[in-house]
Amino acid sequence: MNATLRPIGVLKTYIDNKAEVTVEAGQTVRACLLRLGMPPEIVALVLVNDAQQPKDYVLQDGDMVKLIAVIGGG
Amino acid sequence: MRLYANSTRCSGCKACLVACSLNLFQENNPKKAALSVIPHFPAPGVYELKVCTQCGDCAAVCPTGAIKQNERGAYYVDYTECNLCEACVPECPESVMFVRTELANSAWKCDLCGDCVSVCGTDALWIAN
Amino acid sequence: MLNGYGGNILRVNLSTGKIIKQPTPPELARDFIGGRGFGAYFLFMEVPRHTDPLSPENKLIISSGPLSGLMIPGAGKCDFTTKSPLTNGYASSSLGGHFTAEIKYAGLDSIILEGTSPKPVYLFIDNEKIELRDASHLWGKGTIAVEKELKEKLGEEFQIAVIGPGGENGVSFASINHDFGRQAGRGGVGTVMGVKKVKAIAIHGTKSIPVADPEGYRKAGMTLFKACKDAEGLKPWQSYGTTIVVSWCDEVGALPTRNFSAGSFEGGKNLYGPVMREQIVITDKGCFGCPSPCGKYSRMKRYNSNVEGPEYETIGMLGSNLGLSDIQDVAQANLLCDDLGIDTISAGSVIGWAMECYEKGIFTKKDTDGLELKFGNTQAVFALTEKIAKRQGLGALLAEGVKKAAKKVGQGSDKFAIQVKGMEQSAYATHNATAMLLAYMTCDVGAHHNRAWAITYDLQVGRDKVVPEKVARVIWLQNFRPMFDVLGACRLQWVELSIDRDLYVPALAAITGIHRTWQDLETVGERIWNLTRLYWSRENEGFGRTWDQPSPRFYEEPPKTGVTAGQITRYEDVQRLLDMYYEQRGWTSNGMPTPETVNRLGLATFAA
C-alpha cells in the first residue's frame with residue numbers, strides 16, 4: 001500500500017532532487033516527512049489529490065501528495 | 001495556424017500587449033497591440049480576450065492589397081501600402097483590426113509572431129492549427 | 001532622453017491650480033533610480049522640517065520606476081510617499097495594478113501633489129492635456145463606484161486612483177484604491193490625498209517608453225518570463241496567491257488571533273487558501289505584466305457582492321485577529337474597507353484592540369453605541385468599519401490609529417495596542433519569532449512586514465535564538481527587497497517563484513543603459529534606508545531606540561492557547577536584538593546613523 005510524494009521546488013533536495021518518491025501508506029504526512037528528514041515546518045501546503053490536508057492526514061493507498069515549501073512571503 | 005485564447009485563464013496582466021507592440025512597432029506601447037484584453041469589473045469580474053483568427057476577411061476587403069500573408073501563413077499589414085481607408089476595421093469579426101491615426105500611419109493587425117504566447121503566464125494564449 | 005523613464009516630473013499645486021512639468025534630472029535617476037527612491041528624495045528635500053502632515057506644505061509623491069510598464073514580469077508597482085498623518089514619520093505605500101505603467105506612457109516618472117485645493121477636484125492627465133477638474137459630484141462616493149464612473153466617462157484606457165469616504169473624512173489610515181481591488185494601503189497616504197481634496201487621479205498616455213538597448217531588453221525580458229513560467233511553484237502560487245500561507249501561519253503560531261493574544265486560531269481552517277478558492281474565488285487577477293497573478297477576485301453570494309481578495313494580510317487582520325472564521329464574512333469586511341477607502345490591516349488592528357477593550361470592560365455598550373463588540377461578532381465588525389470611515393461615535397477614536405486611541409483611553413490599553421512607531425503591526429504574530437519581531441521593530445514605515453519577511457528564517461535557525469545571523473538576515477532583506485519598489489516592479493516573482501534575481505541585472509542595464517549589479521542596488525537600498533532613518537529623527541524629537549520597541553504583548557504575555565502557548569520573547573532579548581542591529585547597521589546605541597556611516601553612504605549633505 002503506497003502513496004506518491006511530489007515535493008515542489010526546494011523541497012526536492014530532501015529526496016535527492018528526484019521528481020517524486022514512493023512512500024508507505026498508513027502513516028501520517030508528518031511522520032513521512034520526518035522519515036525523509038524534511039522538517040514539517042518548512043512545508044506550507046500539503047495537497048493530497050489536489051485537496052489541502054493537514055499534516056496529520058493518514059496516507060491512503062494511491063494518494064498523490066504535493067508538498068509546497070514556504071519559500072518567502074510578504 | 002492561428003492564435004487561440006481562453007478568456008477564463010486571462011488575469012488581465014497585458015504582458016501580451018507589450019510583447020505585441022514590441023514586435024509590430026519596436027515600441028513599448030500596449031495601445032499599439034493587435035489583440036485585446038477587455039476587463040469586466042467590478043461585475044462580473046472577468047477578463048475577455050479577443051485575438052485574430054486569421055479568417056482573412058480583412059484581406060478580402062482591402063482595396064490596396066496591403067494585407068498580405070507572411071511566411072507563417074498569417075495575414076499582416078504592409079505599412080507602406082495601407083492608405084488608412086479603414087474598410088478592414090468593421091469586417092473583423094473579433095474587432096482586432098486596428099486603426100488609430102494618433103498612434104500610427106497605418107492599420108495594424110496580428111502577424112502571428114507568437115511573442116504574446118511566450119509571455120503569458122496563465123496559458124491563456126496558444127498557437128495551433 | 002532618459003532611457004527607461006517617462007522623462008518628466010509633474011508638479012500640481014492644488015492651492016494655486018498651477019501645473020508644471022520638469023524634465024526628470026538624470027542625476028536623480030542615477031542616484032535614486034526611481035519609485036520609492038524618488039519618493040524618499042523629494043520628501044526629504046522638499047517637505048520642510050516639522051511640517052504638519054495634514055497641512056498644505058506636505059506633499060504626496062507618486063512615482064513609477066524604470067522597470068514599470070515594460071515587458072518585465074510584475075512591472076506594475078507604483079510608490080506613494082508622504083509624511084504620514086498616522087505616524088508623523090516616513091510613509092511609503094506600494095500600489096499594484098496598471099497605474100504605474102500609465103504614468104510612464106504619459107511621459108512622467110513622478111506626480112507630486114502640493115498644497116491643498118479649496119474644492120474637491122480630480123487630476124486629469126491625458127498625454128499633454130493635464131488639468132484639475134471639479135469632483136464635487138464624486139465626493140462622498142465609494143471607490144468602486146467612482147472608478148466605474150470615471151472609466152465609463154473617460155474611457156476604459158484611463159487608469160484611476162481614487163480615495164473613499166475614509167480619505168475624505170481624514171481617517172489616519174485611509175487608502176488609495178485602483179483597478180477595482182488594489183490599494184496603496186498603509187501609513188495614511190489616502191489621508192493626505194483626502195486633506196488635499198483630491199478625490200481621484202485619472203491618467204492616460206499613449207507614448208512609448210524608450211530603452212537603451214532594445215534587443216538586449218527584449219532578450220532579457222523573455223528570459224525573465226521563461227524563468228517564471230518554468231518555476232515549479234507557479235501553479236500553486238497562481239491558485240492561491242498569498243493565501244497559500246494561511247494554513248502554515250496557523251500551524252506555526254504566526255496567525256494573529258484575537259488582537260494578537262495568540263498565534264493560531266481554532267476557526268482558522270475555514271480561512272485556508274484552498275477553502276477560500278473553492279467557496280468564493282472566480283478569477284485570478286494580476287497586475288501589469290505579471291505571469292503569476294496573486295489577486296483572487298471573489299464573489300460573496302451571501303452578500304451579493306464582489307471583491308479582489310481577501311489576501312493573507314486581510315484574512316489575518318479582519319479574520320483570525322477579530323475571531324471571524326467564515327471566509328465570506330472576511331471578504332465582505334474586505335470590500336467595506338476597500339470601498340470606504342481604509343487600510344484593512346490598520347482597521348483590523350484597531351477593531352481588534354477595541355474588542356479587547358470591550359472584553360476587559362474598558363468599553364461598555366455605552367462607548368460602542370450599543371454594539372456588542374465581542375470577538376467573532378461579524379455584524380459588529382461591519383458596523384464599526386462604517387463608523388471608522390465616517391469618524392462617527394467610537395469610529396472617531398479608532399480613526400486616529402491604535403496608538404493615539406490607546407493613549408486617549410488609558411487604563412492600560414496601550415499594553416495591547418499592537419504597533420510600532422504608531423503603525424499597527426501587520427498579520428504575523430511574533431510571540432516567539434525574533435527575526436520577524438526585529439523586522440517589525442526596525443521597519444522604516446512602522447510595523448509592516450514587506451521589507452523583511454523573516455519568519456521562515458526564525459524556523460530554520462531556531463525561534464528564540466538571538467544570534468547575529470538573524471540580524472544580518474533582516475538587514476540584508478531590508479536593503480534588498482524594497483529595491484523592487486525603487487525599480488517599479490513586484491518582488492514576488494523572486495520571493496514566491498524563486499527565480500534567479502540576477503536575471504534582472506541585464507534587463508535593467510539594457511533598459512536604462514546603466515549597468516548595476518545587485519550589490520550596487522543594495523547599496524542604494526542601504527542609502528535610502530539610512531536617509532529615511534534620518535528623516536524620522538529630523539521630524540520627531542527624541543527619536544531613537546525608544547521608537548523601535550515592540551508591543552509589550554510580545555515580551556510580557558505568552559499566548560494561553562494555540563501552537564505557541566506559553567512561548568514568549570524575553571525583554572532582554574528584545575534589547576539585545578536592537579543592540580546587534582544597530583551595530584551591524586553602523587548606528588549608535590540609540591539607533592542613529594553614525595557620522596562614519598553617513599559619510600560612507602554619501603548622505604553628508606542630507607544629514608547637515
Side-chain angles (χ1 to χ4, degrees), chain A residues 3-23 25-60 62-74, chain C residues 230-237 239-254 268-269 272-278 294 311-313 426-428 436 439-440 443 448-460 463 477 481 491-499 563:
Chain A
T4 311
L5 222 66
R6 190 179 288 171
I8 305 286
V10 300
L11 293 177
K12 282 215 288 293
T13 56
Y14 292 95
I15 59 165
D16 294 324
N17 288 311
K18 293 203 282 268
E20 51 184 53
V21 69
T22 305
V23 295
Q27 57 177 332
T28 63
V29 171
R30 186 186 307 277
C32 179
L33 297 181
L34 289 168
R35 279 211 176 86
L36 290 168
M38 193 186 305
E41 286 193 320
I42 66 168
V43 175
L45 203 56
V46 176
L47 293 167
V48 180
N49 307 325
D50 287 323
Q52 180 172 21
Q53 295 293 351
K55 292 182 182 115
D56 298 317
Y57 169 85
V58 176
L59 293 167
Q60 309 292 309
D63 277 344
M64 162 58 84
V65 183
K66 279 189 217 154
L67 304 171
I68 289 132
V70 194
I71 301 163
Chain C
D230 289 345
E232 268 204 294
L234 181 65
K235 288 273 177 291
W237 173 254
S239 292
Y240 305 115
T242 59
T243 72
I244 205 170
V245 293
V246 179
S247 56
W248 180 81
C249 286
D250 199 21
E251 276 178 35
V252 302
K269 287 176 183 42
Y272 291 175
V275 171
M276 173 173 145
R277 186 166 187 91
E278 198 205 341
C294 67
E311 53 96 34
Y312 171 76
E313 286 293 322
S426 65
Y428 298 96
M436 197 64 211
Y440 276 130
C443 174
H448 194 43
H449 61 281
N450 73 352
R451 308 297 195 242
W453 198 94
I455 284 209
T456 40
Y457 203 66
D458 274 318
L459 294 174
Q460 278 173 250
R463 285 174 174 281
L477 288 171
R481 282 171 52 129
R491 65 183 173 278
L492 293 186
Q493 285 73 32
W494 173 81
V495 174
E496 304 294 347
L497 304 180
S498 296
I499 66 168
V563 167

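Residue numbers start from 1 in every chain, and the chains themselves are labelled A, B, ... in the order their sequence lines are given, proteins ahead of strands.
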Pick one of side chain, backbone, both or neither for [X], based on which atoms fall under 4.5 Å of a heavy atom in chain C.
X	value
I8(A)	both
V46(A)	neither
K66(A)	neither

Taken in chain and number order and not counting sequence neighbours, the residues that satisfy ring-ring contact (aromatic ring centres under 6.0 Å, His included) with W494(C) are F480(C)
* Flag the pair L36(A) / L5(A) as yes when at least one side-chain heavy-atom distance between them is below 4.5 Å, and no otherwise. => yes
Angle between ring planes, Y428(C) versus Y312(C), binned at 30° and 60°: parallel, tilted or perpendicular?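 Rings of Y428(C) and Y312(C): parallel, as their planes differ by under 30°.
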Can you tell me which portion of Y240(C) sits under 4.5 Å from chain A's heavy atoms? Options are side chain, backbone, both or neither.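 Contact with chain A is through the side chain of Y240(C) alone.
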Q53(A) meets the side chain to side chain donor-acceptor pair (under 3.5 Å) criterion, sequence neighbours left out, with none
Looking at P274(C), S239(C), A427(C), S426(C), which one has more heavy-atom pairs under 4.5 Å with chain A than the rest?
->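 Top option by heavy-atom pairs under 4.5 Å: P274(C).
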Requested in this report: Let me see the working for V29(A) and L33(A) under side-chain contact (heavy atoms from CB on, under 4.5 Å), right down to the final yes or no.
Outcome: CA-CA 6 Å; V29(A) 171; L33(A) 297 181; 4.2 Å; yes
